[in-house]
Amino acid sequence: MSDVCRIRRAHTRVADARAAVRAFHAGVAQDDMALVVFFCASSYDLDALADEMRRCFGDVPVVGCTSAGEIGPAGYLDRSLAGASFGARDFTAATGGLAGLQSFEAPAGQALARTLQGRLDRATGHGATASRFALLLIDGLSVREEPVTRAIQSALGVTPLVGGSAADGTDFGQTLVYFDGRFHTDAAVLALVATPLPFRAFDTHHFGPTDERLVVTAADPTRRTVREINGLPAAQEYARILGVPADGLTPEHFAGSPVVVTIGGASYVRSIQKANPDGSLTFFCAIENGLILRVGRSLDLYDNLQRTLARVRGEIGPPQLVLGCDCVLRRVEILQRADLPEIVATLQANNMVGFNTYGEQFRGAHLNQTLAAIAIGAPGGEVERG
């Protein structure tokens with residue numbers, strides 16, 4: 001195997017699940033693989049897909065999830081299978097799952113992170129956490145991303161965590177993660193990876209706050225539902241601010257005008273999933289009573305993407321891989337844009353492989369309408385700074 005095959009990427013639109021896995025395997029197979037990561041459409045026969053993954057990859061650790069769209073060498077697609085393999089020459093990985101998220105408590109997440117840290121310590125002969133990153137994939141309908149992410153990151157310390165919430169197209173029916181040879185609901189999987197190669201964890205979005213205030217006056221954080229904004233029915237008040245009727249709210253409105261919360265001078269997007277018949281709004285993340293939100297003002301997505309990736313290249317050189325978790329609402333916006341071909345070309349030029357999510361995790365936070373990613377450079381690619 002050539003020395004340059006440290007990371008191999010593949011992407012297929014073959015409709016049959018077993019044939020798709022075989023095509024994917026042919027594209028990513030290496031002589032010695034430390035880890036395989038994949039993202040697939042929920043429309044596949046997932047039992048057949050899991051069985052073929054076990055047959056093709058054997059004892060190689062494989063993690064993955066269902067998605068709302070797949071990103072890879074073939075483009076920005078849906079109804080496809082995309083992913084990458086990591087060669088053992090430059091990567092050491094430890095993986096583990098969390099089941100039963102509805103009863104999740106923080107010590108379980110912290111214990112998993114510490115167990116994987118210990119396995120990497122033994123495998124690499126040292127505990128250099130600065131040369132490690134973590135990938136989290138979690139059931140996107142579990143409504144447990146916040147506590148799971150916080151718990152795991154607290155145990156990881158300086159090791160950065162990047163992740164995505166498994167998705168189901170725009171159906172919001174069932175979202176699954178893959179580990180230990182099969183798909184699981186109400187579960188999460190964590191991959192902890194050590195490498196001598198330069199890498200950067202980063203996140204980006206293209207929204208800034210406007211002056212229009214929305215005070216959350218009635219909410220159920222456990223269900224991510226907001227019943228009232230500014231003392232009025234939430235959907236009615238949000239629609240009034242946008243200048244549309246409440247019964248006319250669409251995913252395009254939610255994608256183009258999310259709400260933003262400012263914390264410590266930084267803006268974080270809080271995206272709306274749907275408007276409900278009772279006039280409430282369901283969000284992709286927990287919203288607390290009393291929270292002050294502002295309608296987001298969209299900046300240029302393409303310009304933001306280019307600037308972000310240019311900064312990353314300036315730090316680690318041209319990436320071998322950008323492993324990206326990209327919100328489904330960003331997908332809604334991107335597919336409507338006139339510069340869609342340029343956006344896709346930029347993703348391909350930077351070797352992005354990833355999926356469209358129901359939420360993104362970055363370090364200890366659960367985010368919305370964000371691209372959260374890990375960029376991995378080539379040997380000697382890190383830029384020296386004076």
Side-chain angles (χ1 to χ4, degrees), residues 9 11 37-42 64-84 135-138 140 145 149 161-170 172 175 177 200-207 251-252 254-256 258 268-271 273 284-285 296 298-309 311-312 319 321-337 339-363 365-376:
R9 301 169 297 120
H11 197 176
V37 179
F38 75 89
F39 312 104
C40 69
S42 57
C65 67
T66 58
S67 67
E70 303 77 45
I71 307 164
Y76 201 73
L77 304 179
D78 59 6
R79 298 183 178 276
S80 67
L81 168 63
L135 174 69
L136 175 69
L137 302 174
I138 183 168
E145 291 98 330
T149 303
L161 178 149
V162 169
S165 303
D168 178 29
T170 55
F172 301 99
T175 56
V177 298
R200 289 293 182 275
F202 68 92
D203 70 315
T204 189
H205 67 78
H206 61 290
F207 290 94
E252 288 72 25
F254 305 146
Y268 299 91
V269 181
R270 297 291 182 258
S271 296
Q273 176 186 335
F284 280 105
C285 62
S298 180
L299 307 173
D300 188 81
L301 186 152
Y302 181 38
D303 178 68
N304 171 265
L305 180 66
Q306 287 183 305
R307 288 175 182 270
T308 300
L309 292 172
R311 185 187 74 244
V312 170
L321 175 73
V322 176
L323 193 59
C325 303
D326 195 33
C327 181
V328 62
L329 291 180
R330 284 173 59 91
R331 176 182 178 83
V332 170
E333 179 177 351
I334 286 170
L335 292 180
Q336 296 179 77
R337 292 178 62 98
D339 54 8
L340 170 63
E342 290 79 9
I343 292 172
V344 172
T346 297
L347 299 177
Q348 291 173 317
N350 287 275
N351 294 325
M352 184 173 288
V353 168
F355 75 113
N356 295 117
T357 73
Y358 283 175
E360 305 76 55
Q361 294 80 52
F362 188 73
R363 299 191 183 273
H366 176 55
L367 308 174
N368 298 146
Q369 218 145 336
T370 295
L371 169 64
I374 301 162
I376 304 169

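Worth saying up front: this structure is predicted, and the values here are computed from it rather than measured.
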Checklist entry - Between Gly169 and Val328, what is the shortest heavy-atom contact and its length? => result O-CG2, 4.5 Å

Item to check | Considering all heavy atoms, the nearest Phe207-Gly296 contact | outcome: CD2-C, 4.2 Å

Next on the checklist: Treating Glu333 as the side-chain partner and Leu329 as the backbone partner, does any N or O pair qualify as donor plus acceptor under 3.5 Å?
Outcome noted: no

Checklist outcome for this item: Closest non-hydrogen contact found for Ala372 with Glu360 is CB-CB, 4.0 Å

Checklist entry - Just checking, is any N or O donor in the side chain of Ser80 or Glu70 under 3.5 Å from an acceptor N or O on the other one? => result yes

Item to check | Heavy-atom side-chain proximity of His206 to Arg330 below 4.5 angstrom | outcome: yes

Checklist entry - Between the side chains of Tyr358 and Asp168, does any donor sit under 3.5 Å from an acceptor? => result no

Checklist entry - Atom CG in Leu161, atom CD in Gln361: separation rounded to 0.5 Å? => result 7.0 Å

Checklist entry - Got a donor-acceptor contact below 3.5 angstrom from the Thr370 side chain to the Asn368 backbone? => result yes

Checklist entry - Which distance, rounded to the nearest 0.5 Å, do you find between the CG of Leu305 and the OG1 of Thr204? => result 7.5 Å

Item to check | Test applied, side chain to side chain contact (heavy atoms under 4.5 Å, CB included); reference residue, Phe355; option that passes from Leu137, Val37, Thr66 | outcome: Leu137

Checklist outcome for this item: In this structure, SG of Cys325 is separated from CD1 of Ile71 (nearest 0.5 Å) by 8.5 Å

Item to check | Side-chain touch Ile334/Tyr76, heavy atoms, less than 4.5 angstrom | outcome: yes

Checklist entry - Got a donor-acceptor contact below 3.5 angstrom from the Arg331 side chain to the Leu77 backbone? => result yes

Checklist entry - Does the side chain of Phe39 reach to within under 4.5 Å of the side chain of Thr357, using non-hydrogen atoms? => result no

Checklist entry - Would a 4.5 Å heavy-atom cut-off, applied to side chains only, mark Leu323 and Leu135 as touching? => result yes

Next on the checklist: Less than 4.0 angstrom from a charged side-chain N to a carboxylate O is my criterion; do Arg307 and Asp300 meet it?
Outcome noted: no

Item to check | Nearest heavy-atom neighbours spanning Val162 and Ala201 | outcome: CG2-CB, 3.9 Å

Item to check | Donor-acceptor contact below 3.5 Å, side chain Ser67 vs main chain Cys40 | outcome: yes

Item to check | Donor-acceptor contact present, side-chain Gln369 to main-chain Ala255, <3.5 Å | outcome: yes

Next on the checklist: Working to the nearest 0.5 angstrom, can you tell me the gap between Glu145 CD and Ile138 CD1?
Outcome noted: 5.0 Å

Checklist outcome for this item: What one should report as the nearest heavy-atom pair of Pro258 and Val269 is CB-CG1, 3.6 Å

Next on the checklist: Quick check for you: to the nearest 0.5 Å, what is the distance between Ser298 atom OG and His205 atom NE2?
Outcome noted: 11.0 Å

Checklist outcome for this item: For Pro73 and Val353, the nearest pair of non-hydrogen atoms, with its separation, is CD-CG2, 4.3 Å

Item to check | Atom pair CG/CG of Leu371 and Asp326 - distance to nearest 0.5 Å | outcome: 5.0 Å

